[in-house]
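What you see is a predicted model, and the numbers here were worked out from it, not measured in a lab. Chain identifiers are assigned alphabetically (A, B, ...) following the order of the sequence lines, protein sequences preceding nucleic acid strands; residue numbering begins at 1 within each chain.
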2 protein chains.
Amino acid sequence: MSIIFSRQCEYALQATSYLALKPAGKMTTIKELTKKLNIPYHFLGKILQNLTYKGLLNSQKGPTGGFSLGMPAQEITLYHIVDAIDGNDFMTKCVMGFPECTGKNPCAVHEKWGGLRDGIYSMLVNKNIAQIAKEMKKPEFRLLVD
Amino acid sequence: MSIIFSRQCEYALQATSYLALKPAGKMTTIKELTKKLNIPYHFLGKILQNLTYKGLLNSQKGPTGGFSLGMPAQEITLYHIVDAIDGNDFMTKCVMGFPECTGKNPCAVHEKWGGLRDGIYSMLVNKNIAQIAKEMKKPEFRLLVD
DNA sequence: CTAATTTAAGACAAGTAAGTCTGAATAAAC
DNA sequence: GTTTATTCAGACTTACTTGTCTTAAATTAG
């Protein structure tokens with residue numbers, strides 16, 4: 001049972017963050033990503049393909065090929081990734097699953113959840129992967145880059 | 001793709017809330033719940049069985065049988081239900097899925113997510129299903145109880 | 001005791017997410 | 001042009017979640 005985001009989405013967040021550690025335009029192979037992040041090879045391939053299709057990444061085939069960020073790391077927020085993979089259902093649906101729950105017909109935790117949900121949203125929107133990468137370089141969080 | 005809680009868990013929250021609308025000890029059949037809440041009959045049966053096994057509900061077989069709350073509605077919080085069905089993974093796991101992310105080795109959103117997660121936790125713990133039922137009776141949220 | 005009604009239990013089916021495998025397309029290097 | 005390394009694409013498998021069906025067990029009412 002995954003927590004709030006799908007496994008795919010978690011992998012996507014991790015992989016893009018890792019790419020943000022590299023100089024802009026530098027190509028990184030699936031092999032390297034898969035090894036450093038412990039993500040199944042072909043599964044990650046599909047995820048990156050998807051992100052490439054959505055414009056968040058660039059890809060190049062052949063030797064020296066791989067993936068790089070499709071725009072400056074400062075411009076890619078966590079929300080971009082989450083939205084591309086999982087969509088924004090969590091922003092609109094009732095947390096208790098009541099189909100009849102809306103703003104005009106709110107369930108008992110509608111307001112409370114609304115605040116928390118907005119908090120999650122702003123966390124995702126206000127955090128870009130350049131910041132993430134910077135934090136990842138700190139000795140507190142060791143995810144070795146070669 | 002369900003939002004934060006599993007479908008089962010959403011059903012459990014809805015069903016227990018509905019039971020809290022009834023006088024304490026009053027038995028309600030799966031048939032009634034399934035009809036009012038639009039939840040698949042046998043699937044709901046299994047969920048209620050599980051909640052009964054965990055002590056949150058009472059059950060009785062035979063005519064006049066059904067389910068009722070296993071303790072006073074004021075004492076059953078949303079967290080009791082969520083924990084019984086989905087467990088508490090969302091309280092402990094990294095939101096980005098980093099296995100190496102811990103308090104000592106925090107990912108870039110560890111702190112921020114920690115605050116939000118605690119907000120969700122306190123929403124769940126501070127809301128009991130008597131309160132939920134009370135809100136559900138308001139005309140704003142119409143879920144007819146004959 | 002019998003009939004009717006309900007939960008209990010388990011096998012099964014369908015749907016979705018996760019992961020694997022193989023071969024094609026592309027591009028670099030020699 | 002051949003070789004090699006890589007992404008691209010699709011079929012396939014596996015695992016998990018959700019939903020269905022059938023029968024057994026329990027309990028009430030007559």
Give every residue pair that meets the side chain to side chain donor-acceptor pair (under 3.5 Å) criterion with at least one member in residues 55-77 of chain B, sequence neighbours excluded.
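Qualifying pairs, neighbours excluded: Thr77(B)-His80(B).
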Enumerate the side chain to side chain donor-acceptor pair (under 3.5 Å) contacts for residues 46-57 of chain A, please, sequence neighbours excluded, ordered by first and then second residue.
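Every side chain to side chain donor-acceptor pair (under 3.5 Å) pair that includes a residue of residues 46-57 of chain A, provided the two are not neighbours, is Asn50(A)-Lys54(A).
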Does a side-chain N-to-carboxylate-O contact under 4.0 Å join Lys93(A) and Glu10(B)?
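Salt bridge flag = no for Glu10(B) with Lys93(A).
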Rounded to the nearest Å, what distance is computed from the CG atom of residue Asn58(B) to the P atom of nucleotide dT27(D)?
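In whole Å, dT27(D) P and Asn58(B) CG are 13 Å from each other.
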Separation of atom CE in Met27(B) from atom P in dT6(C), rounded to whole Å
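Atom-to-atom, Met27(B) to dT6(C), this comes out as 13 Å.
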Give a yes or no answer on whether the side chain of Asp83(B) reaches the backbone of Tyr79(B) with a donor-acceptor pair at less than 3.5 Å.
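Not a single qualifying donor-acceptor pair exists.
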Work out how much the helix from dC1(C)-dG30(D) to dC30(C)-dG1(D) bends between its end axes, five pairs an end, to the nearest 10 degrees.
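That helix gives 0° between its end axes.
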With sequence neighbours excluded, residues passing ring-ring contact (aromatic ring centres under 6.0 Å, His included) with Phe67(A)
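Counting only residues at least two positions away or on another chain, Phe67(A) forms no ring-ring contact (aromatic ring centres under 6.0 Å, His included).
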Base contacts versus sugar-phosphate-only contacts with protein, heavy atoms under 4.0 Å: please encode nucleotides 25-30 of chain C as B, S and - from 5' to 3'.
-BBB--
Taking only N and O in the side chain of [X], is any of them less than 4.0 Å away from OP1 or OP2 of [N]?
X: Arg7(B); N: dG19(D); result: yes
X: Tyr41(A); N: dC21(C); result: no
X: Thr29(A); N: dT7(D); result: no

Above 12 or not: heavy atoms from other molecules or residues under 6.0 Å from NZ of Lys127(B)?
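Count over threshold, so yes.
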Which of residues 42-55 of chain B sit near DNA chain D, with a heavy atom under 4.0 Å from it?
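Residues of residues 42-55 of chain B under 4.0 Å from DNA chain D: His42(B), Phe43(B), Lys46(B).
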Would a 4.5 Å heavy-atom cut-off, applied to side chains only, mark Cys94(A) and His110(A) as touching?
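Sidechains of His110(A) and Cys94(A): no contact.
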